[in-house]
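Working notes for the structure below.
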Number of protein chains: 2
Amino acid sequence: MDGAVKLLEALAATVGAERVLTDAADTEPYFTDWRRRYRGRALAVVQPGNVDELARVVRACAEAGVAIVPQGGNTGLCGGATPPADGRSVLLSLSRMNRIRAVDADNNTLIAEAGCTLAAVQQAAEEAGRLFPLSLGSQGSCEIGGNLSTNAGGVHVLRYGNMRELTLGLEVVLPDGRVWDGLRGLRKDNTGYDLKQLFIGAEGTLGVISAAVLKLFPCPRAQAVAWLAVTGPAAAVALLGFLRDHVGERLTAFELIGRNALELVLRHIPGARSPLPAVPEWSLLVELSDPHPDAVLDELLGGVLEEALGHGWVQDAALAASLAQRAELWALRENVSEAQKIEGFAIKHDVAVPVSRIPDFLAAAEAALRAVWPVVRIVAFGHLGDGNLHYNLSLPRAEDNVAFITRTADVNRIVHDIVDGLDGTISAEHGIGQLKRAELVHYKSQVELDLMRAVKTALDPQGLMNPGKVL
Amino acid sequence: MDGAVKLLEALAATVGAERVLTDAADTEPYFTDWRRRYRGRALAVVQPGNVDELARVVRACAEAGVAIVPQGGNTGLCGGATPPADGRSVLLSLSRMNRIRAVDADNNTLIAEAGCTLAAVQQAAEEAGRLFPLSLGSQGSCEIGGNLSTNAGGVHVLRYGNMRELTLGLEVVLPDGRVWDGLRGLRKDNTGYDLKQLFIGAEGTLGVISAAVLKLFPCPRAQAVAWLAVTGPAAAVALLGFLRDHVGERLTAFELIGRNALELVLRHIPGARSPLPAVPEWSLLVELSDPHPDAVLDELLGGVLEEALGHGWVQDAALAASLAQRAELWALRENVSEAQKIEGFAIKHDVAVPVSRIPDFLAAAEAALRAVWPVVRIVAFGHLGDGNLHYNLSLPRAEDNVAFITRTADVNRIVHDIVDGLDGTISAEHGIGQLKRAELVHYKSQVELDLMRAVKTALDPQGLMNPGKVL
């Protein structure tokens, strides 16, 4: 009997025949990534329902020497969950493993299985009177296993950290099918190597995360939101330091929005309107939060912004006066990606540099790009508080973009060289997947690549875990 | 020529003969640990002055097949920096590598070499108008490389995290002498495996940390400190949740002090006096901090404590009315270890459980110990906010302790079994070193030990890095 057939029979015996999908109509959604840039194939899509089934599936694949591609909500932006084209791997869908196993409000933790959507985790926290602070546009679809495997970020990293910082423990099915139970809900544990760190952000190349102990926080009961026109990126950086110095951890968002980004939103998103009389060259969305219900945050923010006007950093400011106005300001920021999509093609980057180097990056990248494409349109926006910008490039006339697309590699080299020269990163929050593999090898030192490969070989000696991703 | 002699000559040629110590008078302080529980020997104590010298020293040792024991301020509590007794290793002192390489206030980072004392790092941060929040009793002597290698904790982990959370990047000399430059000052970087996590908390068994990018924070400008008598550990846990819910991240310390711990301080520390009329069975030291200078923290804390009295969690409270009173309250907590030392012998533990399980731990451990030693004296105190307690045991009459000491293994088994049953850890913040190696093997699963050994073998195939520690 053919090896693949034998494997699929063994998998069907493990999870049930109806959980081993092979019909094209069933498997299709799993084989293409969300942005429709990658398409692959697999022997089957397998849907284990619990960690025991998952472990048996992985063991069977390991014994058959068949590669595994883990997939959560399939909302990744770098093709990290799309199988290779050869069709010889098994796609492992974690979506059925979607139980909240436990909530411990006194310990500020919950245990979620990999297939829980981010929204389900947020809701479980809320029901316990707590906050799970990770928040992403895709939260209704993306799953915790994917959030962990890509070390997801978002708009509240400034205050709460990335997914890595939100995780206390993991349960992982190793490449040989053994289960590592590291589901500890401890704030302090210095007993040897912190193994969970290996799997977070590894994009499924070292094992399959099946569950996690996640940190919860007090719910904010007071918030203040303002939209500011700042005199430039350097003023924005100065204001960030000034704000943190005055309001500390109340600062929960500090987002930069360039003129082109805001104009896209105003053009394409129904109901969007400029919060200030003129569209600023550089806007900031600032949010303060406090669990203390009597916190007079509007007053605090107003006072600090008054001082910031005096320093010349801020030109104009609109403070949201109601929940509806807060939502309106946030929508302007959150709809940039959607407006970009409607507008059409762009060469996109997800970069970070030290916060202090953001002004240098913006100046250097614009100058270098304009030297080649004088009319290039730069849509720059993102998490200035983390030094992380999304930086999208296109030409104003759609017909010129056809030629521009063919220059993607050159554009990437210009942008990424500048980032690299500023000790930055070519992937701040989206990961590597298939999309940035070549760039990773281009920019990482030989020593670092050797270390990564040594770890990969140590944990996955057969090289069966999500092949063709990251390394 | 003898291999060892040849190696020492090569090392002398690298760092200078005066930086290769071999005279007993010179090497003695390096060969004994701070608590004087371990004593070893080494071929020499080598003191490189920069990362190039360090790398050449490590390479020479690797080529000679000679083991390396890295040492910082030699203040560790588990013998992790004391060389083996065989005298065949080289002790690598990092203390001369003590430069602050850079401070970037706008990025809230500084770069410190491994040999900087913690106090020097705190001072460099302060000079830049920032806070480096790690704070330890040994901060004048302990060094950043040691803090990183043991993932140091302390009283402010609740708010700022362990050393791991305070670190953005590392420079590491690998076991073969190559230098990994991971000195990135980025809040977000998702380009492959997060290699720095491997070396933090690895106690020098995977490589030698030579420098780090550390996170800085706004300086607190307002503080409030109170000493509370609570009705018991369960009330303390309830109060913790209530406080966080009301004051959020302003809560910077939440320390539990059992009656015996406070009585030791009152007995042995000159000038110490009880903050409340009676010595409570369970005391809490609570600290709020805020960078906002006008924060009316005393009022906020007073109001919340008033409510806590209403809930029955708090019996009595003393709010510090001056800087001097704050220092006095803190001294009561910080002098517990010193008072314990003066009092005499104790079998000590450094455990953590989920915060919600602290009451269970205290009840179960006391019952199990009293079943064997009805008069055992329990000195319990520590970082309740992190679920981390120091738990010291002795018998009231000094002459009985001689026999009690011989039962250390039995005592450990009782305490650690209870911790393990509550999903806790046998080493919350002190690490493993030599002291807890056997306990680590006893309590870790085979899968976890296998994973740790796979990592060790991948990075240090010759097994030359700090042998006999951790694994």
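Just so you know, these numbers use all the heavy atoms, side chains as well, and skip hydrogens, waters and symmetry mates. Order of the sequence lines sets the chain letters (A, B, ...), proteins ahead of strands, with each chain counted from 1. Small disclaimer: the values here were computed from a predicted structure and weren't measured.
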Can you list the steps and then say if A:Arg250 with B:Arg250 is a side chain to side chain contact (heavy atoms under 4.5 Å, CB included)? CA-CA 10 Å; A:Arg250 291 176 190 84; B:Arg250 292 176 188 83; 2.8 Å; yes

Take B:Asn190 and A:His430 through the side chain to side chain contact (heavy atoms under 4.5 Å, CB included) test and state the conclusion after the steps. CA-CA 7 Å; B:Asn190 279 347; A:His430 295 166; over 6 Å; no

Can you check side chain to side chain contact (heavy atoms under 4.5 Å, CB included) on A:Arg178 and B:Asp450, steps first, answer last? CA-CA 11 Å; A:Arg178 290 191 300 168; B:Asp450 286 351; 2.8 Å; yes

Go through the steps for B:Asp290 and A:Glu249 under the test side chain to side chain contact (heavy atoms under 4.5 Å, CB included), then give the verdict. CA-CA 9 Å; B:Asp290 203 305; A:Glu249 293 297 308; over 6 Å; no

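Taking 4.5 Å as the limit, some side-chain heavy atom of A:Leu451 sits within range of a side-chain heavy atom of B:Leu174.
Proximity to chain B (any heavy atom under 4.5 Å) is shown, for A:Val304, by neither the backbone nor the side chain. For A:Asn162, the part sitting under 4.5 Å from any heavy atom of chain B is the side chain, from C-beta outward, and nothing else. Of the atoms belonging to A:Thr150, it is backbone heavy atoms, and not side-chain ones, that fall under 4.5 Å from chain B. Contact annotation for A:Arg244: both backbone and side-chain heavy atoms come within less than 4.5 Å of a heavy atom of chain B. Heavy atoms of A:Leu186 lying under 4.5 Å from chain B belong exclusively to its side chain. Looking at A:Leu300, only its side chain comes within 4.5 Å of chain B, counting heavy atoms on both sides.
Checked by atom type, the side-chain pair A:Tyr443/B:Thr191 shows no donor-acceptor distance below 3.5 Å. The closest side-chain donor-acceptor pair between B:Lys188 and A:Thr425, if any, does not fall under 3.5 angstrom.
The shortest heavy-atom contact between B:Ala458 and A:Ala454 is CB-O, 3.7 Å. Nearest heavy atom pair, residue B:Leu195 against residue A:Met452, reads CD1-CG, 4.0 Å.
Using non-hydrogen atoms only and a strict 4.5 Å limit, the part of residues 349-358 of chain B facing chain A consists of B:Ala352, B:Val353, B:Pro354, B:Val355, B:Ser356.
Interface remark: of the candidates A:Thr109, A:Asp181, A:Leu158, A:Thr205, A:Thr205 forms the most heavy-atom pairs closer than 4.5 Å to chain B. Counting heavy-atom pairs closer than 4.5 Å to chain B, the top residue among A:Leu449, A:Val213, A:Val470, A:Val157 is A:Val157. Taking A:Ala105, A:Gly241, A:Gly185, A:Gly192 one by one and counting their heavy-atom pairs under 4.5 Å with chain B, the maximum is reached by A:Gly192. Between chain A and the options B:Ala428, B:Gly248, B:Ala202, the largest number of non-hydrogen pairs under 4.5 Å is found for B:Ala428. Heavy-atom pairs under 4.5 Å with chain B peak, among A:Lys456, A:Lys436, A:Glu439, at A:Lys456.
Note: A:Leu198 CG to B:Tyr193 OH = 9.0 Å, rounded to the nearest 0.5 Å. Note: A:Leu183 CG to B:Asp423 CG = 9.0 Å, rounded to the nearest 0.5 Å.
Counting only distance, with no hydrogens or angles, the side chain of A:His292 and the backbone of B:Val247 share no donor-acceptor pair below 3.5 Å. B:Asp194 contributes no side-chain N or O that, together with a main-chain N or O of A:Gln197, makes up a donor-acceptor pair within less than 3.5 Å. In this structure, A:Asp245 contributes its side chain and B:Arg130 its backbone to no donor-acceptor pair below 3.5 Å. Remark: side-chain polar atoms of B:Asp189 are not paired, donor with acceptor, to backbone N or O of A:Glu429 under 3.5 angstrom.
Taking a cutoff of 4.0 Å between a charged side-chain nitrogen and a carboxylate oxygen, A:Lys215 and B:Glu165 do not qualify as a salt bridge.
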